[in-house]
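Worksheet: the structure to be examined is printed underneath.
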Amino acid sequence: MGLILREHFSNDVEFGIWEITEDYNTLWSQLNLDEKDISTVESFKNHQRKLEWLSVRTLLKEMLGKEGKIVYGPERKPYLHNNLFNISISHSKNFTAILMSKKKRVGLDLEYMTSKILRIADKFLRPEELEHIEKDQELYHLYLHWCAKEALYKINDKVDINFVTNLSIEPFKPKEKGIITGTVNNTYMNEKFVLYYFHIKNYSIVWCYK
(Lines give C-alpha, C1' and ligand atoms only; values in the text may rest on other atoms or scores of the structure.)
Protein backbone atom coordinates (compact mmCIF):
# COMPACT_ATOMS: atom_id res chain seq x y z
CA MET A 1 0.00 0.00 0.00
CA GLY A 2 2.75 2.46 0.96
CA LEU A 3 2.02 6.17 1.38
CA ILE A 4 -1.68 6.67 2.16
CA LEU A 5 -1.67 10.24 3.48
CA ARG A 6 0.59 13.24 3.07
CA GLU A 7 -0.31 16.75 4.18
CA HIS A 8 1.38 20.10 4.77
CA PHE A 9 0.47 22.49 7.58
CA SER A 10 1.57 26.05 8.29
CA ASN A 11 3.97 26.00 5.28
CA ASP A 12 6.67 24.32 7.37
CA VAL A 13 5.09 21.20 8.85
CA GLU A 14 4.65 17.96 6.90
CA PHE A 15 2.75 14.85 7.97
CA GLY A 16 2.80 11.42 6.34
CA ILE A 17 1.35 7.96 6.99
CA TRP A 18 2.59 4.70 5.51
CA GLU A 19 0.50 1.52 5.59
CA ILE A 20 2.75 -1.53 5.74
CA THR A 21 1.55 -4.12 3.23
CA GLU A 22 4.97 -4.85 1.73
CA ASP A 23 7.10 -7.77 2.83
CA TYR A 24 10.55 -7.42 4.39
CA ASN A 25 12.50 -7.78 1.15
CA THR A 26 10.37 -5.25 -0.71
CA LEU A 27 10.89 -2.57 1.96
CA TRP A 28 14.61 -3.40 2.17
CA SER A 29 14.99 -3.02 -1.62
CA GLN A 30 13.71 0.57 -1.51
CA LEU A 31 16.55 1.70 0.78
CA ASN A 32 20.30 2.04 0.49
CA LEU A 33 21.33 0.80 3.95
CA ASP A 34 24.86 1.14 5.28
CA GLU A 35 26.55 -1.49 7.45
CA LYS A 36 25.36 0.08 10.70
CA ASP A 37 21.77 0.20 9.45
CA ILE A 38 21.93 -3.43 8.36
CA SER A 39 23.33 -4.47 11.74
CA THR A 40 20.56 -2.54 13.50
CA VAL A 41 17.63 -3.95 11.55
CA GLU A 42 18.99 -7.50 11.66
CA SER A 43 19.41 -7.27 15.44
CA PHE A 44 15.64 -7.06 15.99
CA LYS A 45 14.25 -10.44 16.96
CA ASN A 46 10.66 -9.42 16.26
CA HIS A 47 9.75 -9.47 12.56
CA GLN A 48 7.14 -6.71 12.93
CA ARG A 49 9.77 -4.48 14.54
CA LYS A 50 11.95 -4.96 11.45
CA LEU A 51 9.08 -3.96 9.18
CA GLU A 52 8.41 -0.87 11.31
CA TRP A 53 12.04 0.20 11.21
CA LEU A 54 12.23 -0.19 7.44
CA SER A 55 8.86 1.49 6.83
CA VAL A 56 9.89 4.56 8.85
CA ARG A 57 12.91 5.08 6.63
CA THR A 58 10.94 4.35 3.48
CA LEU A 59 8.32 6.93 4.46
CA LEU A 60 11.03 9.44 5.32
CA LYS A 61 12.62 8.92 1.90
CA GLU A 62 9.24 9.54 0.27
CA MET A 63 8.71 12.76 2.24
CA LEU A 64 12.23 14.13 1.77
CA GLY A 65 12.64 13.04 -1.82
CA LYS A 66 15.88 11.38 -0.76
CA GLU A 67 17.15 9.14 2.02
CA GLY A 68 17.62 10.70 5.44
CA LYS A 69 19.60 9.50 8.41
CA ILE A 70 17.70 9.20 11.71
CA VAL A 71 19.75 9.53 14.90
CA TYR A 72 18.60 9.41 18.52
CA GLY A 73 19.30 11.62 21.53
CA PRO A 74 19.79 10.39 25.11
CA GLU A 75 16.03 10.15 25.74
CA ARG A 76 15.56 8.17 22.50
CA LYS A 77 14.16 11.27 20.84
CA PRO A 78 14.70 11.03 17.07
CA TYR A 79 16.48 13.67 15.01
CA LEU A 80 17.51 13.94 11.41
CA HIS A 81 21.26 13.92 10.84
CA ASN A 82 22.64 17.48 10.42
CA ASN A 83 19.48 18.81 12.15
CA LEU A 84 17.70 19.50 8.86
CA PHE A 85 14.29 18.87 10.47
CA ASN A 86 12.68 18.39 13.82
CA ILE A 87 10.96 15.03 13.57
CA SER A 88 8.45 12.89 15.46
CA ILE A 89 7.80 9.23 14.63
CA SER A 90 5.06 6.81 15.60
CA HIS A 91 4.09 3.30 14.53
CA SER A 92 1.44 0.83 15.60
CA LYS A 93 0.45 -2.47 14.01
CA ASN A 94 0.54 -1.74 10.24
CA PHE A 95 0.75 2.06 10.28
CA THR A 96 3.85 4.24 10.42
CA ALA A 97 3.68 8.04 10.67
CA ILE A 98 6.14 10.92 10.59
CA LEU A 99 5.65 14.61 11.46
CA MET A 100 8.50 16.98 10.62
CA SER A 101 9.32 20.66 10.50
CA LYS A 102 12.41 22.79 9.89
CA LYS A 103 11.46 25.49 12.41
CA LYS A 104 8.78 24.16 14.75
CA ARG A 105 8.78 21.62 17.56
CA VAL A 106 6.68 18.58 16.70
CA GLY A 107 4.96 15.71 18.52
CA LEU A 108 2.99 12.80 17.06
CA ASP A 109 1.35 9.59 18.21
CA LEU A 110 -0.85 6.99 16.54
CA GLU A 111 -2.31 3.85 18.08
CA TYR A 112 -4.31 0.87 16.86
CA MET A 113 -7.32 0.76 19.17
CA THR A 114 -8.05 -2.31 21.31
CA SER A 115 -9.91 -2.90 24.56
CA LYS A 116 -6.68 -3.27 26.55
CA ILE A 117 -6.65 0.48 27.20
CA LEU A 118 -9.72 0.10 29.42
CA ARG A 119 -7.58 -1.69 32.02
CA ILE A 120 -4.94 1.04 32.28
CA ALA A 121 -6.95 4.26 31.87
CA ASP A 122 -6.35 5.36 35.46
CA LYS A 123 -2.59 5.00 34.93
CA PHE A 124 -2.41 7.90 32.48
CA LEU A 125 -5.56 9.99 33.14
CA ARG A 126 -6.39 12.31 36.01
CA PRO A 127 -9.66 11.62 37.89
CA GLU A 128 -11.27 14.70 36.32
CA GLU A 129 -10.22 13.52 32.84
CA LEU A 130 -11.76 10.11 33.47
CA GLU A 131 -15.02 11.77 34.50
CA HIS A 132 -15.35 13.42 31.08
CA ILE A 133 -14.85 10.26 29.00
CA GLU A 134 -17.86 9.69 26.72
CA LYS A 135 -19.18 6.19 27.52
CA ASP A 136 -20.68 5.67 24.07
CA GLN A 137 -17.25 6.34 22.51
CA GLU A 138 -15.13 5.20 25.42
CA LEU A 139 -12.42 3.37 23.51
CA TYR A 140 -11.85 6.12 20.99
CA HIS A 141 -12.01 8.87 23.62
CA LEU A 142 -9.46 7.10 25.82
CA TYR A 143 -7.08 6.57 22.91
CA LEU A 144 -7.31 10.22 21.92
CA HIS A 145 -6.28 11.16 25.46
CA TRP A 146 -3.40 8.67 25.38
CA CYS A 147 -2.19 9.84 21.95
CA ALA A 148 -2.50 13.49 22.97
CA LYS A 149 -0.36 12.91 26.06
CA GLU A 150 2.18 10.95 24.03
CA ALA A 151 2.39 13.81 21.52
CA LEU A 152 2.91 16.31 24.35
CA TYR A 153 5.55 14.04 25.87
CA LYS A 154 7.40 13.89 22.57
CA ILE A 155 7.20 17.57 21.65
CA ASN A 156 8.77 18.39 25.03
CA ASP A 157 11.72 16.03 24.63
CA LYS A 158 10.42 13.31 26.99
CA VAL A 159 12.04 15.03 29.98
CA ASP A 160 10.55 15.27 33.50
CA ILE A 161 7.02 14.35 32.38
CA ASN A 162 4.58 12.09 34.19
CA PHE A 163 1.37 11.49 32.23
CA VAL A 164 -0.87 12.07 35.26
CA THR A 165 0.89 14.78 37.25
CA ASN A 166 2.46 16.85 34.46
CA LEU A 167 0.04 16.51 31.53
CA SER A 168 -3.59 17.62 31.45
CA ILE A 169 -6.20 17.50 28.67
CA GLU A 170 -9.14 19.88 28.64
CA PRO A 171 -12.60 18.27 28.23
CA PHE A 172 -13.68 17.66 24.63
CA LYS A 173 -16.26 15.58 22.75
CA PRO A 174 -14.65 13.11 20.32
CA LYS A 175 -15.48 13.60 16.64
CA GLU A 176 -14.18 12.16 13.37
CA LYS A 177 -11.52 14.85 13.54
CA GLY A 178 -11.00 17.87 15.75
CA ILE A 179 -8.85 19.85 18.12
CA ILE A 180 -7.69 19.10 21.68
CA THR A 181 -6.14 21.52 24.15
CA GLY A 182 -3.46 20.17 26.47
CA THR A 183 -1.09 21.62 29.07
CA VAL A 184 2.39 20.61 30.16
CA ASN A 185 3.27 21.71 33.70
CA ASN A 186 6.59 20.60 35.16
CA THR A 187 9.80 22.09 36.54
CA TYR A 188 10.70 23.44 33.09
CA MET A 189 7.45 24.96 31.87
CA ASN A 190 3.78 25.67 32.18
CA GLU A 191 2.73 25.71 28.54
CA LYS A 192 -0.50 25.14 26.62
CA PHE A 193 -0.66 23.31 23.27
CA VAL A 194 -3.22 22.86 20.52
CA LEU A 195 -3.37 19.28 19.24
CA TYR A 196 -5.10 17.95 16.12
CA TYR A 197 -6.69 14.53 15.79
CA PHE A 198 -8.57 12.14 13.51
CA HIS A 199 -9.07 8.41 13.12
CA ILE A 200 -8.70 6.06 10.17
CA LYS A 201 -9.04 2.25 9.92
CA ASN A 202 -9.32 1.78 13.72
CA TYR A 203 -6.28 3.97 14.42
CA SER A 204 -6.40 7.14 16.50
CA ILE A 205 -3.88 9.79 15.51
CA VAL A 206 -2.93 13.00 17.34
CA TRP A 207 -0.21 15.53 16.55
CA CYS A 208 0.93 19.00 17.51
CA TYR A 209 3.49 21.57 16.48
CA LYS A 210 4.60 24.85 17.97
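Keep in mind it's a predicted model, so treat the numbers as computed, not measured. Residue indices begin at 1 and follow the sequence shown.
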Next item on the list: Check step by step if side-chain contact (heavy atoms from CB on, under 4.5 Å) holds for Ser88 and Met100.
Entry: CA-CA 6 Å; Ser88 187; Met100 63 185 191; over 6 Å; no

Check: Are Ile70 and Leu51 connected, step by step, through hydrophobic side chains (Ile, Leu, Val, Met, Phe, Trp, Tyr) whose heavy atoms are closer than 4.5 Å?
Finding: yes

Checklist line | Name of the residue among Leu167, Ile161, Asn166, Asp109 meeting side-chain contact (heavy atoms from CB on, under 4.5 Å) with Leu152 | finding: Leu167

Next item on the list: Tell me, with the steps shown, if Phe163 and Tyr153 meet ring-ring contact (aromatic ring centres under 6.0 Å, His included).
Entry: CA-CA 8 Å; Phe163 275 35; Tyr153 176 65; 5.6 Å; yes

Margin query: As an exercise, state the distance from NZ of Lys93 to CD of Glu19, rounded to the nearest 0.5 Å.
Written below: 11.0 Å

Check: Are a donor atom and an acceptor atom from the side chains of His141 and Glu134 found within less than 3.5 Å of each other?
Finding: no

Notebook entry, point to check: Thinking salt bridges, do Asp37 and Lys69 make one under a 4.0 Å N-O criterion?
Noted result: yes

Notebook entry, point to check: With a 3.5 Å cut-off and no angle check, do the side chains of Thr26 and Asp23 form a donor-acceptor pair?
Noted result: yes

Check: So does Lys149 pair up with Glu129, basic N to acidic O under 4.0 Å?
Finding: yes

Next item on the list: State yes or no: do Leu80 and Trp18 share one hydrophobic cluster built from I, L, V, M, F, W and Y residues joined by side-chain heavy-atom distances below 4.5 Å, directly or via other members?
Entry: yes

Next item on the list: Write out all pairs satisfying salt bridge (Lys or Arg N to Asp or Glu O under 4.0 Å) with one or both partners inside residues 5-18, taking only residues at least two apart or from two chains.
Entry: Arg6-Glu14

Check: Could you give the distance from CZ (Arg105) to CG (Asp157), rounded to the nearest 0.5 Å?
Finding: 7.5 Å

Item checked: Hydrophobic cluster identity match, Trp207 and Val184, side-chain contacts under 4.5 Å -> no

Check: Would a line drawn from the ring center of His91 to the ring center of Tyr203 be shorter than 6.0 Å?
Finding: no

Next item on the list: Examine the side chains of Asn86 and Ser101 and answer whether a donor and an acceptor come within less than 3.5 Å of each other.
Entry: no

